Amino acid sequence: MESQHLVTLAKQFGAPLYVYDAAKIASQYQRLTDAFEGVGKLRLNYAAKALSNLSILRFMNHLGSGLDTVSIQEVKLGLMAGFEPESIIFTPNGVSLEEIEEASALGIQVNIDNLSILEQFGSKHPDVPVCIRINPHVMAGGNSNISVGHIDSKFGISIHQIPHLLRIVELTNMNINGIHMHTGSDILDIDVFLYASEILFETAKNFKDLDFIDFGSGFKVPYREGDIQTNVEELGKKLTKRFNEFCADYGKELTLAFEPGKFLVSEAGYFLAKVNVVKQTTSTVFASVDSGFNHLIRPMLYGSNHEIVNISNPDGRERYYSVVGYICETDTFGSNRRINEIAEGDILCFKNAGAYCYTMSSNYNSRYRPAEVLWLNGRGHLIRERENFDDILKNQVDVKHLFETSRKEVLK
Ligand SMILES: *Cc1c(COP(=O)(O)O)cnc(C)c1O
């Protein structure tokens, strides 16, 4: 997306603002589909939690995607956005049996990731086919916050518990129709992923009525030039071959599923913020924007490196800046960044702002969450209004009457 369009959108809708480029989402969807063209039945279930705006979900449905959800609220959003129940999979972790039953009653495929709930669900609903989430105990990447398939992870049913799992399936007479793993957001090494896949294939042989194998996600996208990213084309070639071999052995053409979140929306997103203050200190030049980790927490939470560009002065001389927010604690977006000279009032653009950015935003410091715009066919379409003071007050209960007496009485 061209930066002059982003400048125009910031003027039109105000800053701070999230902008999502529909064409980029579509091309990522196509790229992944193409990488697995050799698979007879491929299903991509967009992971709603990456960016769950209703209009984005509608767009995903329009592209032909399914939906991966982790809460009953995401399930309901998906249904509202037009997804058929059969196109939604519910893959929660640590939620109650009631929540899983609620999703199942809506016709959603449930994916269960612990033996306790599996036993309870199977005993009560032996006729409902269930997918199981396996933990293959493989360390994907090095970031233990986002790597979720390793031995210490809370996710999935351990491969070492397969005997117990099989006992539950047999005793409850339930039907396992899918098998799933999700190793986290850091597939750097395709061979590690393929190794985990072998564990999944091995486990799958225990179940006679599978319809699909779900390989989760974890596709790494580049954040800056030269970054390592998952080579989905190479992964596509290698996994397709193994998957088709497995299906031939298994005696049935299964569906190969993925649940990409970041891969589909990360690079499509731009976060625009206005510079309030340029402050020269003894050690650096700070550019303070009208935002903070209330809007974009990834740099502070995960140390993620979002490229920052001054779209108001694309040809200006480059200088070193620390870009910070207005939150009353440290909220550095980027230190020692070379950025075209910044003046107060300029619009800075943060890249890779599609995944886990708006959805992780908050009202901290009693600030409003930004508006969201979808860039489609050369036009910006508002898909979420900026919050206002009513949103800050919403759901608060003002117990003013308790304090109408004298101060002494209240504290007695
Ligand atoms: C978050 C999540 C995803 C999406 O992961 P990305 O790295 O954003 O692609 C997929 N599957 C499950 C179960 C998840 O929890």
Side-chain angles (χ1 to χ4, degrees), residues 20 25 28-29 31-33 35-36 43-52 56-57 60 65-75 77-78 87-95 99-100 103 108-114 130-136 138 140-150 153-157 178-188 192-193 196-197 200 212-223 227-230 232 235 256-269 297-298 301-302 304 352-360:
Y20 311 114
I25 296 174
Q28 289 293 94
Y29 186 85
R31 188 178 154 203
L32 203 51
T33 307
F36 288 88
R43 170 127 164 230
L44 302 182
N45 295 318
Y46 167 59
K49 74 178 189 288
L51 177 59
S52 51
I56 297 291
L57 301 185
M60 292 294 180
S65 178
L67 196 68
D68 178 65
T69 55
V70 294
S71 70
I72 190 69
Q73 290 80 7
E74 282 186 355
V75 168
L77 277 174
S87 307
I88 303 179
I89 180 164
F90 185 41
T91 306
N93 170 262
V95 308
E99 190 169 332
I100 291 175
I108 310 296
Q109 167 78 52
V110 298
N111 185 354
I112 295 183
D113 97 324
N114 65 84
V130 163
C131 174
I132 44 171
R133 178 172 185 169
I134 298 299
N135 185 334
V138 171
N143 187 330
S144 59
N145 281 327
I146 55 177
S147 180
V148 293
H150 55 89
S153 168
K154 67 166 183 166
F155 296 95
I157 298 167
I179 178 164
H180 166 275
M181 71 168 185
H182 171 61
T183 54
S185 220
D186 231 356
I187 308 174
L188 297 176
V192 173
F193 191 85
S197 306
L200 207 56
F212 65 94
I213 300 183
D214 187 332
F215 294 86
S217 182
F219 303 104
K220 199 168 165 56
V221 299
Y223 270 59
D227 259 5
I228 322 174
Q229 55 171 309
T230 308
V232 295
L235 180 66
L256 190 164
F258 278 116
E259 314 159 340
K262 194 185 268 188
F263 182 83
L264 294 182
V265 295
S266 176
E267 295 162 276
I297 201 172
R298 295 178 50 74
L301 192 60
Y302 303 120
S304 58
N352 287 78
Y356 309 105
C357 292
Y358 188 92
T359 47
M360 293 183 106

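Counting starts at 1 for both ligands and their atoms, following the listed order. Note that the coordinates shown come from a computational prediction; the quantities given were computed from them, not determined experimentally.
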Rounded to the nearest 0.5 Å, how far does CD1 of Ile132 lie from CG of Asp214?
12.0 Å
Side-chain contact, heavy-atom cut-off 4.5 Å: Ile89 with Phe212?
yes
To atom 6 (P) of ligand 1, the nearest of Ala355, Ala50, Ser217, Ala47 on a heavy-atom basis is Ser217
I'd like to check which ligand 1 atoms, numbered from 1 as shown, lie under 4.0 Å from a non-hydrogen atom of Glu259.
3 (C), 4 (C), 9 (O), 10 (C), 11 (N), 12 (C), 13 (C)
Taking distance alone, with N or O pairs closer than 3.5 Å, would you say Tyr356 contacts ligand 1?
yes
For Thr91, atoms of ligand 1 separated by under 4.0 Å from a heavy atom:
13 (C)
Polar proximity ligand 1 side, His180 side, N/O cut 3.5 Å exclusive
no
Rounded at 0.5 Å granularity, tell me how far CG in Leu77 sits from CD1 in Ile72.
11.0 Å
For Pro260, take its heavy atoms, then give the atoms of ligand 1 lying under 4.0 Å from any of them.
9 (O)
Less than 4.5 Å apart, side chain to side chain, heavy atoms only: is that true for Phe36 and Arg43?
no
Ring centres under 6.0 Å, that's the criterion: do Phe219 and Phe258 meet it?
yes
Taking every heavy atom of Val70 against every heavy atom of Lys49, the minimum-distance pair comes out as CG2-CD, 4.1 Å
As an exercise, identify every atom of ligand 1 less than 4.0 angstrom from a heavy atom of Lys262.
6 (P), 8 (O), 9 (O)
Report, in ascending order of atom number, the atoms of ligand 1 lying under 4.0 Å from any heavy atom of Asp68.
10 (C), 11 (N), 12 (C), 13 (C)
For Gly261 and ligand 1, does the shortest N/O to N/O distance drop below 3.5 Å?
yes
Gap between atom CD1 of Ile134 and atom CD1 of Ile179 - 0.5 Å precision
4.5 Å
